[in-house]
There are 2 protein chains.
Amino acid sequence: MTLMDEKPRPKAATLQTIADALGVHRSTVARALNAEERHRITPDVVKRVTEEAERQGYRRDIIAASLRTGKSRLVGVIVPDLANPVFSTILDGVSAALTGRSYSMLVADAGVPLGKQAEIVDALVGRRVDGLILATAMRNDPTVSFCLGLKVPTVLVNRAEDTLRASSVVADDHRGMGLAIAHLAELGHRRIAHIGGPEAVSTGCLRRQGFQDAMVSAGLGATRIVSADSYARSAGASAARQIFACWPDTTAIAAGNDLLALGALEYMRERGIGCPGEVSLTGFNDMPFIDLVDPALTTIRVPQHEMGKAAADMLLGAIEGPGRPPELQRLPVTLVVRSSSCATASGPREDRREGLPSDLLLPRA
Amino acid sequence: MTLMDEKPRPKAATLQTIADALGVHRSTVARALNAEERHRITPDVVKRVTEEAERQGYRRDIIAASLRTGKSRLVGVIVPDLANPVFSTILDGVSAALTGRSYSMLVADAGVPLGKQAEIVDALVGRRVDGLILATAMRNDPTVSFCLGLKVPTVLVNRAEDTLRASSVVADDHRGMGLAIAHLAELGHRRIAHIGGPEAVSTGCLRRQGFQDAMVSAGLGATRIVSADSYARSAGASAARQIFACWPDTTAIAAGNDLLALGALEYMRERGIGCPGEVSLTGFNDMPFIDLVDPALTTIRVPQHEMGKAAADMLLGAIEGPGRPPELQRLPVTLVVRSSSCATASGPREDRREGLPSDLLLPRA
DNA sequence: ATGTTGCGTGCAATCGATTGCACGAGCTTC
DNA sequence: GAAGCTCGTGCAATCGATTGCACGCAACAT
């Protein structure tokens, strides 16, 4: 028995081959195999078709079906950076929502420049995706206009636009930063600075506004703000440098996300500024493993997985029942207190070099 | 001017609509638009076709083309866990290799049970993917058999099978663990234990073998081995418990990956065992942000991004020039020394509670 | 002047599933 | 007993691009 005659099936099974084997028409086979249409066919025929399909190892050709119906059961997801755990967690949520609904996920990494966005959308739309999930949106995004113009159901996740042109699933960024500031204020901090994310994206803008609003309602001044131009560690470090240069008496920093906080932490470590001893620090996102840094970062937990799932659910809803108005879902966030924030020393320290001995604050450094 | 008459194009542009506008046959249009066939057409016609296509906003329907040609320019990628940074970094590499080659990436999360694998492959193959990248392979994997039986070009990444049935891109796991052991031995450690990954996957097995071989060539005993049944933090913690229960005089642990090391670290912290003061620890993978844990983990750097890229390149090679024998690419790894490993104290300590004061080892704990 | 070669296009089949319509048989109803 | 209905199935068009083959024309060789 050679390899060749193991499977005497020369070509793949199609509706036609099954129909031929049974002496019925291929449309009958199609109906028997389609749960929606099956009721129109005699049970006996259905049974024979099912068995023959099984025997031939038939698998429905989604490509051919897509061509005929115009639906691909494909969802495109565009993220700014696949290697960023925040976005891969969102992807995980999307995947979870799609699984079992016979939708598949086409993933595209927009890359750092974000310049090739239109090209990427083009490629996805060219594949006739039924819908798009964008995790890359800026506050007023031409890519969104493009998708909307194409009449492709589109859902934004994590970042939303200023105006609700497309359905969006976001975290409560404003309130989240409020929680962080309330926490720091409660610990006695008054001179709190903010490292903001890019103003061009909603998270950067809303968290900055949250900072300002919370500072004002706490009766504090909200002037110590440096906005980073990207959510990168290096940007966090240079923002921290700027903060300490302008306002050396700062006792706490609320960063716009965890990566910026990490950058600030690096800078502080480099400069020998103790955290939390001299300066408290908070992040935003509670990304995976951020609890393991030294010191463990106090941060705002954002339900990335749930956001991804909600976005996918919303998109599927829009695909299956079109014509609905855009909807905004704002998921709650929570404060996670860890070790990077603590109460201020009794009074204000004007010279931070007089803080606790750095070898106690930065052991093994 | 209402929205409606902005674009008087009722239906999408197709080859036929362009052909009609120009009074040529649609096959001529197809050839004029296809770089491979263009040379057979009069330059003037090509020009007119190109312009008309532009005017109508024509976009080739990949679905229809796929149906005719049987090629989808789609690659399926199956990962065990999207939320794990190791795999999302691999994905990033795959994406990088695919970008600009007009291939797209269908991502599927096999999920923890790994039971639905066949189902997932089915779904992807049903979409007529041109090839598959599996990051989920066990040492002898029925899913691989399934893919091979389907004659779908398949490349394994990160994990390989025992026999080279499918092309694979892996890291040099054996040598990597050798580097870790050599490092620990050089620091004076002699009673080194190993937390192994699952024996069912190549990384678990090869790193364990690497441990044994390196210990033997260093003239040390390679008996202190506990294999975890998964690459989870919790598994690392319970393996560590077992190690300290069986061999309390252990001075170093080489973990099968970073997550297992983190689990061990948690356990040690809980028990008040200082790292690296009392016990040195090494990980494997150098996953993102692992440098930020306390203490920063000494580990083996695995080029995940490059592995993903290499796997995608290899797959594209196999798709475009089929019939080649399977190929194994083993990427080099490097030792990254950080703070979780240090030289042993002068002599062996039988009772680890007599180590350095724990408040110095675990500040702010 | 006829035969040959080559080039640019047109023609039509093809990929495989879907679906509106029609047809015929069996059944009810007045 | 004829008209009308239901039900199961067949028929054929359709989705849009691709491609082997053939045809017609022009230039060149005989």
Side-chain angles (χ1 to χ4, degrees), chain A residues 9-50 52-53 56-74 102 125-130, chain B residues 9-50 52-53 56-74 102 125-130:
Chain A
R9 187 195 330 143
K11 298 299 165 195
T14 69
L15 291 181
Q16 190 66 63
T17 63
I18 298 175
D20 291 347
L22 262 44
V24 298
H25 196 265
R26 64 176 182 278
S27 62
T28 303
V29 177
R31 292 186 174 110
L33 259 23
N34 181 343
E36 303 287 312
E37 300 274 334
R38 211 195 316 281
H39 66 278
R40 318 169 121 255
I41 305 291
T42 313
D44 173 55
V45 176
V46 171
K47 185 164 178 298
R48 281 163 51 219
V49 166
T50 311
E52 180 63 22
Q56 294 196 16
Y58 172 78
R59 39 186 57 223
R60 186 223 307 261
D61 189 319
I62 307 191
I63 298 280
S66 297
L67 177 60
R68 181 60 172 82
T69 63
K71 319 257 97 205
S72 61
R73 297 192 84 80
L74 218 49
S102 67
V125 172
R127 291 190 180 279
R128 296 284 187 268
V129 292
D130 290 342
Chain B
R9 184 195 331 145
K11 297 300 165 194
T14 68
L15 291 182
Q16 189 66 64
T17 64
I18 298 176
D20 291 347
L22 261 44
V24 298
H25 196 265
R26 64 174 181 279
S27 61
T28 303
V29 177
R31 293 187 175 110
L33 258 24
N34 181 343
E36 304 286 313
E37 300 273 334
R38 211 194 318 280
H39 66 277
R40 317 171 121 256
I41 305 291
T42 313
D44 173 56
V45 176
V46 171
K47 183 165 181 296
R48 281 163 52 219
V49 166
T50 311
E52 180 64 23
Q56 293 196 17
Y58 171 78
R59 38 185 58 221
R60 187 224 305 260
D61 189 320
I62 307 191
I63 298 281
S66 296
L67 177 60
R68 181 59 172 83
T69 62
K71 319 257 97 205
S72 59
R73 297 193 83 80
L74 219 49
S102 67
V125 171
R127 289 191 182 278
R128 296 285 187 266
V129 292
D130 290 342

_With a cut-off of less than 4.0 Å, is there a side-chain N or O of A:T69 near OP1 or OP2 of C:dT18?_
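Answer no for this pair, as no side-chain N or O of A:T69 is under 4.0 Å from OP1 or OP2.
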*Ignoring the backbone of A:R60, work out which of C:dT18, C:dA17, D:dA17 is nearest its side chain.*
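The nucleotide sitting nearest to the side chain is C:dT18.
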*Pick the nucleotide of DNA chain D nearest each of B:H25 and B:D61; which residue has the one closer to the 5' end?*
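It is B:D61, whose closest nucleotide lies nearer the 5' terminus.
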_Of A:R40 and B:R40, the one whose closest DNA chain D nucleotide lies more 5'_ =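 Looking at DNA chain D, the more 5' nearest nucleotide goes with A:R40.
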*Look at the side chain of A:R31 against the base of C:dG20 and say whether a donor-acceptor pair falls under 3.5 Å; ignore hydrogens and angles.*
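Result: at least one qualifying N/O pair found.
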*Below 3.5 Å, does any donor atom in the side chain of A:S27 face an acceptor in the base of D:dC11, or the other way round?*
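Answer is yes: a donor-acceptor pair is held.
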*Between B:R26 and B:V45, just flag the one whose closest nucleotide in DNA chain C comes earlier from the 5' side.*
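Final value for this comparison: B:V45.
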*Which residue lies toward the 5' end of DNA chain C, B:A64 or A:R68, if each is placed at its nearest nucleotide?*
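Comparing both residues, the 5'-ward one is B:A64.
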_Interatomic distance, A:L15 atom CG to A:R60 atom CZ [nearest 0.5 angstrom]_ =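 Taking CG in A:L15 and CZ in A:R60, the distance rounds to 9.0 Å.
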*Counting N and O atoms only, with roles assigned by atom type, does the side chain of A:R128 sit under 3.5 Å from a partner on the main chain of A:L67, one being a donor and the other an acceptor?*
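Not at all, since once roles are kept as given, no pair shorter than 3.5 Å links the two residues.
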*Spell out, as yes or no, whether a donor-acceptor pair under 3.5 Å connects the side chain of B:R31 to the backbone of B:R38.*
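Answer holds: no.
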*Measure from CD on B:Q56 to P on D:dG16 and round the result to the nearest Å.*
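Going from B:Q56 (CD) to D:dG16 (P), I get 13 Å.
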_Under 4.0 Å, heavy atoms only, any strand: does B:T42 hit a base, just the sugar-phosphate, or nothing?_
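Counting heavy atoms under 4.0 Å across all strands, the contact made by B:T42 is with sugar-phosphate only.
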_Donor on one side chain, acceptor on other, A:R73 and A:S102, under 3.5 Å_ =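 Per modelled atom types, A:R73 and A:S102 side chains form a pair under 3.5 Å.
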